Amino acid sequence: MSDTLLRLTNLDAHYGDFQALYGLDLSVVKGEVVAVIGANGAGKTTLMRSISGLLTNRADAIHYQNQPIGALRADEIAALGIALVPEGRQLFPSLSVEENLVIGGKVSRRGAWTLAKVYELFPILKERKDQASTSLSGGQQQMVAIGRALMANPDLILFDEISLGLAPVVIRQIYEALPGIVDDGMTAMIVEQDISKALSVSSRVFCLMEGRIALEGRTNDISHAQITAAYFGVD
Ligand code: ATP
């Protein structure tokens with residue numbers, strides 16, 4: 001069959017009576033980096049939460065490695081090899097950097113990512129390994145969140161708002177680390193506010209608007225004008 005790793009079929013999401021996603025259809029192929037862009041409130045985080053099991057769905061709304069996973073719990077989905085780097089990091093504040101990383105490894109599958117390899121990727125974390133995670137800068141905390149996800153050795157890594165609120169130099173460091181992560185055979189879905197950054201690392205892009213896919217295509221085939229139109233909802 002195809003190399004499709006993740007397939008969403010008519011995916012809806014609700015918060016109580018409020019519908020945040022409407023019938024999304026999309027596929028991600030093994031080894032791709034796919035970007036998800038869209039204005040505030042477009043549904044990007046909801047999409048990440050749906051895939052990672054923090055919001056439950058119909059079982060067949062989400063297939064991963066050809067298995068229906070839409071109704072599984074977050075821990076079951078993590079065990080299948082999907083890791084989320086959540087918006088706002090969500091580190092364990094009372095734990096050290098290293099303890100946060102080790103927790104990521106608790107659900108680890110077999111793979112190349114170890115504490116040593118995370119420290120090689122982000123050397124500053126090794127220097128700070130015994131410090132409380134909350135004492136780090138926002139950028140370093142984002143590195144811990146990424147490292148924690150890598151420690152699980154996922155096949156699919158979801159980055160929610162990868163560079164939001166970080167200094168440009170840190171954003172550059174994180175983006176420089178991305179090819180190394182993906183070269184190791186991982187597939188990535190990146191939610192990113194910075195459209196140019198998103199396009200610079202992805203082969204395909206999806207633009208969400210008000211819970212629907214307003215535009216999708218190969219990064220090289222889509223013009224900036226099309227993206228701007230889809231992003232802001234203008235014709
Ligand atoms: P942002 O860039 O602001 O994070 P987003 O594209 O990630 O935006 P979501 O956070 O997925 O968007 O939100 C999609 C819609 O769902 C918004 O209208 C938001 O107000 C609503 N929403 C998100 N979380 C909840 C919640 N817990 N309860 C009710 N409505 C919510």
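First listed ligand is number 1; within each ligand, the first listed atom is number 1. If you're wondering where the values come from, they're calculated on a predicted model, not measured in any experiment.
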#### Entry: Whether Q193 lies under 4.0 Å from ligand 1, heavy atom
yes
### Task
Indicate yes or no: at least one non-hydrogen side-chain atom of M189 is less than 4.5 angstrom from one of I51.
yes
### Task
Give a yes-or-no answer on whether the side chains of Q193 and S163 include a donor-acceptor pair shorter than 3.5 Å.
no
### Query
Taking the non-hydrogen atoms of G16, is any one of them nearer than 4.0 angstrom to ligand 1?
no
### Query
When you measure from the centre of the six-membered ring of Y175, is the NZ or CZ of K197 under 6.0 Å away and within 45° of the axis?
yes
### Message
Checking a contact table here: which protein heavy atom is nearest atom 17 (C) of ligand 1, and how many Å away?
### Response
G41 O, 3.7 Å
### Task
Tell me which protein heavy atom sits closest to atom 11 (O) of ligand 1, plus the residue, atom name and distance to 0.1 Å.
T46 OG1, 2.5 Å
### Query
Against heavy atoms of A20, which atoms of ligand 1 measure under 4.0 Å?
16 (O)
### Message
Pairs of nitrogen or oxygen atoms closer than 3.5 Å, one from G43 and one from ligand 1: do any exist?
### Response
yes
### Task
Side-chain contact test, heavy atoms from C-beta onward, threshold under 4.5 Å: evaluate it for L72 versus L80 and give yes or no.
yes
### Task
May I ask you to identify the nearest protein heavy atom to atom 10 (O) of ligand 1, giving residue, atom name and distance to one decimal place in Å?
T45 CB, 3.6 Å
### Task
Please report the closest heavy-atom contact between S196 and D194, naming both atoms and the distance.
N-OD1, 3.1 Å
### Query
Where the closest heavy atom to atom 4 (O) of ligand 1 is concerned, which of K44, E87, M209, E210 has it?
E87
### Task
Indicate whether atom 20 (O) of ligand 1 is within a distance of less than 4.0 angstrom of some protein heavy atom.
no
### Query
What residue and atom, counting heavy atoms only, is the protein's closest point to atom 18 (O) of ligand 1, and at what distance?
F18 CZ, 3.5 Å
### Message
Let's go through I181 and W113 carefully: what are the C-alpha distance in whole Å and the side-chain angles of both, what is the deciding distance for side-chain contact (heavy atoms from CB on, under 4.5 Å) to 0.1 Å, and is it a yes or a no?
### Response
CA-CA 9 Å; I181 294 170; W113 286 94; 4.3 Å; yes
### Query
For the side chain to side chain contact (heavy atoms under 4.5 Å, CB included) test, which of I62, T56, D60 pairs with R58?
D60
### Query
Looking at atom 26 (C) of ligand 1, what's its closest protein heavy atom, distance included?
Y15 CD2, 3.4 Å
### Query
Less than 4.0 Å between atom 29 (C) of ligand 1 and some protein heavy atom, yes or no?
yes
### Task
Would you mind telling me if ligand 1 is within reach of the side chain of R49, the backbone, both or neither, using heavy atoms under 4.0 Å?
neither
### Query
Shared ILVMFWY cluster between V170 and L150, side chains joined below 4.5 angstrom?
yes
### Query
Can you tell if the side chain of I190 reaches within under 4.5 Å of the side chain of V34, non-hydrogen atoms only?
no
